[in-house]
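Here's the structure we're looking at; comments come further down.
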Amino acid sequence: VPGWPASVAFATRTTFPPVKKLARADRKRILVTGGAGFVGSHLVDRLMFLGHDVVVLDSFFSGNKTTLAHWVGHPNFELIRGDVVEPILLEVDQIYHLACPASPKAYQRNAVKTLKTSFIGTQNMLGLAKRTKARFLLSSTSEVYGSPTVHPQPESYWGNVNPNGPRACYDEGKRVAEALTYGYARQDGVDVRVARIFNCFGPRMSTDDGRLVSNFVVAALKGEPLQVYGDGQATRSLMFVHDLVTGLIDLMESSHSLTPVNIGSSDEGTVLSWAQTILSTVRSLRAAGEIAPLPPATPDRSEVEFVPAVVDDPPRRRPDTTLAREVIGWDPRWTVQAGLDETVRYFAAQLEMAD
Ligand code: NAD
């Protein structure tokens, strides 16, 4: 290019995180839809570290262009901007189908699109799996249980979902995605896995996605009130993202195909208790000098504040993970506290960068 120094015109990146060297026969070509999102980007990291060829297909509807920046230019990595609602021709050995906005704020922004992503998008990816004979894993959700009347929730529980409320686009979308997945398995012999994921948190969650952990961490870091919906006695079980990634890969590599498998932590706490834990985590990391103090002019108003409950917010959630333990030998390894420490450090750095 006229005027460019040669070093710029021909510059290629040479420094990447280290990846394992796999023999060609052991190296798989793996498609991760939604790979630029929170969970997807951690899954891509792990698959890259393991030495596979990874193709990411993401529309950036709720994902972020920076989450995978450290792999761009790596010979094992390819990023495609595209929508799963459109068919795509690729040759792959495995498909992790994660593409779908996951926070209520994101999936309610365009309910019809969320349904199309879950139905048509899943159908397209199952069609691709059928053509290429790739193994297919669907990232389903604990939301298929709705407001559960059984506690904790085993995979055999059929759920209690409001089919037309504000969360229906996501809950019913995932239910139809599961039905489609098993339809392709029974009718066309597609080799499928279904993970029912419970609340997960960690670095790379979006700071403004409205989910419990991001809401509380950001409020505590900014010295603002931590808003707890209703009386705060609803329960949530929180799993750190690295445990989820292990569970997804273990399930994909297992021979368990016939039924969905819950992947989640049984570390259940009330929303109020999570708010208090997060507040004390932020305070102790601040006291230890690991994260910046509040600016001198900012008053610290980070106390719990009760606000009205939101529609269809499930009152209780805790997975029965007996099946995960039996069929894939999976159990979470991270304590919630260790995960929260990592997440708070990440969010603090994000907020500092945004200033
Ligand atoms: P996320 O919103 O961070 O990531 C979803 C990704 O999918 C984003 O990068 C987004 O741009 C992409 N995407 C959305 N619609 C698309 C489309 N039509 N075509 C292509 N790409 C599209 O969400 P997440 O938390 O990383 O969740 C990932 C998956 O895990 C989702 O399927 C979600 O339902 C499931 N899940 C997550 C949780 C959790 O706690 N994070 C819990 C249960 C289930």
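Remember, it's 1-based here, ligands and their atoms both numbered in the order they're listed.
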Contact between ligand 1 and Ser140 is defined here as a heavy atom of the residue under 4.0 Å from a ligand atom; is it met?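 Judged by the 4.0 Å heavy-atom criterion, Ser140 does count as contacting ligand 1.
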Give a yes/no verdict on whether any heavy atom in Ala106 is under 4.0 Å from an atom of ligand 1.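 Outside the 4.0 Å threshold, so no.
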Do ligand 1 and [X] have nitrogen or oxygen atoms that lie under 3.5 Å from each other?
| X | answer |
| --- | --- |
| Lys113 | no |
| Val39 | yes |
| Val84 | yes |

Closest to atom 43 (C) of ligand 1 among Asp209, Leu212, Ile197, Val85 (heavy-atom distance):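 Looking at heavy atoms only, the winner is Ile197.
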Measure [X] to ligand 1 on non-hydrogen atoms and call it side chain, backbone, both or neither using the 4.0 Å cut-off.
| X | answer |
| --- | --- |
| Tyr170 | side chain |
| Phe38 | both |
| Lys116 | neither |

Return the orientation label for the Tyr107 and Tyr170 ring planes: parallel under 30°, perpendicular over 60°, tilted otherwise.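 Rings of Tyr107 and Tyr170: parallel, under 30°.
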Under the side-chain hydrogen bond (donor to acceptor under 3.5 Å, both in side chains) test, which residues partner Glu352, sequence neighbours left out?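 So Glu352 forms no side-chain hydrogen bond (donor to acceptor under 3.5 Å, both in side chains) with any residue.
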Looking at [X], which atoms of ligand 1 are within less than 4.0 Å of one of its heavy atoms?
| X | result |
| --- | --- |
| Leu98 | 28 (C), 29 (C), 31 (C), 32 (O) |
| Pro101 | 2 (O), 14 (C), 15 (N) |
| Gly82 | 19 (N), 20 (C) |
| Ser139 | 29 (C), 30 (O), 31 (C), 32 (O), 35 (C) |
| Ala99 | 7 (O), 20 (C), 21 (N), 22 (C) |
| Lys174 | 31 (C), 32 (O), 33 (C), 34 (O) |
| Gly63 | 8 (C), 9 (O), 10 (C), 11 (O) |

Partner of Arg196 under salt bridge (charged side-chain N to carboxylate O under 4.0 Å, His left out), chosen from Glu155, Glu143, Glu178: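 Only one of Glu155, Glu143, Glu178 forms a salt bridge (charged side-chain N to carboxylate O under 4.0 Å, His left out) with Arg196, namely Glu178.
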Tell me every residue that passes ring-ring contact (aromatic ring centres under 6.0 Å, His included) with Phe306, counting only those two or more places apart in sequence or in another chain.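 Here no residue qualifies.
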For Thr235 and Glu268, does a side-chain donor sit closer than 3.5 Å to a side-chain acceptor?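 Looking only at side-chain atoms, Glu268 and Thr235 do form a donor-acceptor pair, the distance falling under 3.5 Å.
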Would a 4.5 Å heavy-atom cut-off, applied to side chains only, mark [X] and [Y] as touching?
| X | Y | answer |
| --- | --- | --- |
| Leu90 | Leu57 | no |
| Val261 | Val194 | no |
| Phe201 | Leu340 | yes |

Can you establish whether the number of heavy atoms outside Leu258 located under 6.0 Å from its atom CG is more than 12?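 No, not enclosed.
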